[in-house]
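Scroll down for the structure; my scribbles are underneath it.
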Amino acid sequence: MSPRVKPLADPPNPVTDEAFESQVLQAVVDYVTSHPQAMDTAQGIAAWWISGIADRVDRRLMRRVLDRLTESGVLERIGTGDRAHYVLRKE
């Protein structure tokens, strides 16, 4: 019996991946600006803030988006690790 060979995955498409990451980022920004008191974890943000596209968002992508928004001053991170919460940064 020969071992099963997994098919090769399609190589990442940087244009599509970047465009989708930008779409996720914009969805988070839209939600938090419409709901300025909202605060949640990365998992909660994926489940509630961007529920329409969450099924295509993996943990790494969500982390990159939240890191970008935190570093640019849009969001504030409260806590660390998986229990960290994100909220709109107050001016």
Side-chain angles (χ1 to χ4, degrees):
M1 179 184 310
S2 63
R4 291 186 61 178
V5 177
K6 293 170 75 174
L8 294 174
D10 291 334
N13 180 338
V15 174
T16 304
D17 292 347
E18 263 185 48
F20 183 63
E21 185 169 326
S22 292
Q23 181 183 355
V24 172
L25 186 140
Q26 190 60 53
V28 171
V29 170
D30 290 347
Y31 186 90
V32 78
T33 54
S34 296
H35 304 88
Q37 301 303 317
M39 179 168 47
D40 215 331
T41 63
Q43 183 177 355
I45 291 168
W48 299 104
W49 297 13
I50 60 167
S51 60
I53 56 176
D55 60 327
R56 300 183 336 219
V57 177
D58 67 18
R59 185 181 189 130
R60 289 175 300 187
L61 173 61
M62 191 79 249
R63 182 69 55 211
R64 280 195 313 270
V65 165
L66 294 173
D67 286 347
R68 283 177 58 189
L69 290 171
T70 301
E71 290 165 6
S72 67
V74 174
L75 295 179
E76 180 178 351
R77 180 184 298 123
I78 301 169
T80 60
D82 290 340
R83 300 196 60 137
H85 283 70
Y86 297 85
V87 64
L88 182 65
R89 181 177 296 266
K90 306 296 187 249
E91 300 282 335

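Heads up: numbering here begins at 1 and tracks the sequence. Since we're looking at a predicted model, the values are computed, not measured.
Look at R68 and E21 and you find a salt bridge, because one of the NZ, NE, NH1 or NH2 atoms lies within 4.0 Å of a carboxylate O, short of that distance. Salt bridge present: R59 and D82 bring a charged side-chain N and a carboxylate O closer than 4.0 Å.
Between A46 and M62, the closest heavy-atom pair is CB-SD, 4.0 Å. Residues L61 and V57 come closest through the heavy atom pair CD2-CG1, 4.0 Å. Considering every non-hydrogen atom in both P36 and V87, the closest pair reads O-CG2, 4.5 Å. For the residue pair R63 and A42, the shortest heavy atom distance occurs at NH2-CB, 4.3 Å.
The CZ atom of R77 sits 12.5 Å away from atom OG1 of T41, with the distance rounded to the nearest 0.5 Å. Of the inter-residue distances, the one linking Y86 atom OH with L66 atom CG reads 5.0 Å to the nearest 0.5 angstrom. Once rounded to the nearest 0.5 Å, the distance linking CG of L75 with CE of M39 reads 12.0 Å. Going from atom CG of D40 over to atom NE2 of H35 covers 12.5 Å, rounded to the nearest 0.5 Å. Q37 contributes atom CD, which lies 8.5 Å from atom CG of L88 (distance to the nearest 0.5 angstrom). Note that CD of E76 is 9.0 Å distant from OG1 of T70, once rounded to the nearest 0.5 Å.
Residue I50 is tested with V28, L25, D30, D55 for a side-chain contact (heavy atoms from CB on, under 4.5 Å); the sole match is V28.
Placement of I78 and V32 in two distinct hydrophobic clusters is found when ILVMFWY residues are connected by side-chain heavy-atom separations under 4.5 Å, directly or transitively.
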